[in-house]
Amino acid sequence: MELHGVGVGRGIAVGPVLTMPEPLPEPADQKHGGDAAAEKAAVQVAVAAAAAELQERAGRADGAGREVIEAAIQMAQDPMLADDVNARIDAGTSGERAVFEGFLFFQEQLIALGGYMAERAADLGDVSQRIIAQLRGVAVPGVPDSPAPFVLLARDLAPADTALLDLDKVLGLITRDGGPTSHTAILARAKSIPAIVGVGADAAIAEGTRVILDAASGVVTVDPSAKAVAAAEKRIAERAAQAAAPITDGALADGTKVPLLANLGSPKDAAAAVELGAEGVGLFRTEFLFLDAKTAPSVEDQQAQYTELLQHFPGRKVVVRALDAGADKPLSFLNDAHEENPALGLRGLRALRSEIQILHDQLAALKGAQDATEAELWVMAPMVADAEETQFFVEYGKELGLTTVGVMAEVPSLAVVADQVLALADFVSIGTNDLTQYTLAADRMLGTVAAYQDPWHPAVLRLVKMLGDAGAAAGKPVGICGEAAADPQLAVVLVGLGATTLSMTPAALADVRAELATVTLDQARAKAAAALSASTAAGAREAAAGA
Ligand code: PEP
Ligand code: MG
């Protein structure tokens, strides 16, 4: 049997499948049958079982991981928490509901304390889910824990799940939902986890069944033949050898320089990016630093993080994006209101303009980091629609002392008025993920429309050309920082359309570097022209390959 989806990257994985259980629904607000003592005893047994399970995990974890789990075990067995849950049961509440309410009450108290205690609140939520799962006799939600490596099948992953994946264990990821630019896909690419997303809501594979996950073709082969497994394993070895090839700066075959930059979400990833040959940073996603924050980060906290990042790149360009909150990356302290269509809502620069103090503090922190380091800091705004918004951001950034200020091209309207925008901004960086989502009107998080989320679509390529031409006319840089830059064949076409730099997850640098070196600028332009005149994404891909 085969499952088909959209591959992320070009990796391959072979291994047994484990399925991630769905989160448990909130227990109904109901009373128990009258025997409070029996209800309390059942909760006690469930708490002990959850603690024993965590203890076993702690024994296999190391360092910080073990400390976090041990802290969770202590919280699970906190006598005050037990008293609170028991009091609720004595008042008639069912055991499951009493655990839910009691833990929630303590979680809220931890959040109110702020700092380290607030960070532990999410762990308490995890413990409560484990106890409720024990009471119900169902599988514990979250990423499964296995002593042996496995391929994970999930509906989709929350950013926190993906961030916590144990890379020694998770060989590959298959998601039923999600498109190629959902944040699951982006993080999978960043961590070099072979992934196939959007395989369909009904996709199911029996636990432990061996699969081959081939991201380049987007195919999951279930229960493959021994011959197919041997061929896949050979390709895995070949890719490992290719990744070890010598590192040079990005350039075409005729010597035209195409700086290859890194997309990063944390200063902690900077050293690894430099090692993989990143010539700077083309997109630093600042919102990733604050996904769990309940209150706006302080100037000092931000300045420390930005300074840590910039210190890795003396004399190099580092493009930092102002907080891009909304839709796939909600930040509760910035835009928390419910919206019917969050992708079309108060997000990106729009949200920052409505909370100007947050924007002010972020740009002030960036100015501090700019002054404290030797890196060349460029700052840009996300989700910019037109020249008026460009003017606002560029003027505001310069008033606060930033040297180089630009905008992201993600909303198609910005490309349509590219000449006006490039007269104002120091540079433009094209976010092909959102540019594709909005050009094709297809939610990048939604598996059912994942096929539309294809940056090879000639409509997207034509917008890129409009921006590239406007950049060349104004003598200003136009880079690419969406996932499109990580597709080696498309990277060549983007350069042919006028992109001056390419920024991608560091794991993709080697493949793109190798492909660029095979074409001259004239050949890249010929491929771009061929792709532009196709009428479908698949047609553009074929036309570029044949040109
Ligand atoms: C994009 O939209 O292409 C982009 C780079 O930003 P993000 O993926 O973070 O929305
Ligand atoms: Mg975007």
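Counting starts at 1 for both ligands and their atoms, following the listed order.
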(request) Just give me the atom name: the N, O or S atom of D434 closest to the Mg ion (ligand 2). (result) OD2

(message) Only N/O/S atoms count here: what is the atom of E410 closest to the Mg ion (ligand 2) called?
(response)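 Relative to the Mg ion (ligand 2), the closest nitrogen, oxygen or sulfur of E410 carries the name OE2.
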
With a 4.0 Å cut-off, would you call [X] and [Y] a salt bridge?
X    : Y    : value
D324 : R285 : no
R350 : E339 : no
E279 : K317 : no

(message) For P458 versus A537, what's the shortest heavy-atom pair and its separation?
(response) CD-N, 3.9 Å

(request) Anything under 30° is parallel, anything over 60° is perpendicular, the rest tilted; go ahead and classify F333 against F290. (result) perpendicular

Has ligand 1 got any nitrogen or oxygen that is less than 3.5 angstrom from a nitrogen or oxygen of [X]?
X    : result
E287 : no
L283 : no
D434 : yes
R285 : yes

(message) Is it the case that the side chains of D156 and T175 hold a donor-acceptor pair, with the cut-off being a distance below 3.5 Å and no angle test?
(response)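 D156 and T175 do not have a side-chain donor-acceptor pair below 3.5 Å.
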
(request) Determine whether the side chains of Q437 and N433 contain a donor N or O and an acceptor N or O closer than 3.5 Å. (result) no

At less than 4.0 angstrom from any non-hydrogen atom of [X], what atoms of ligand 1 do you find?
X    : value
R444 : 2 (O), 7 (P), 8 (O), 10 (O)
C481 : 5 (C)
G482 : 3 (O), 5 (C)

(request) Look at ligand 1 and say whether R321 reaches it with a heavy atom at a distance under 4.0 Å. (result)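 A heavy atom of R321 does come that close to ligand 1.
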
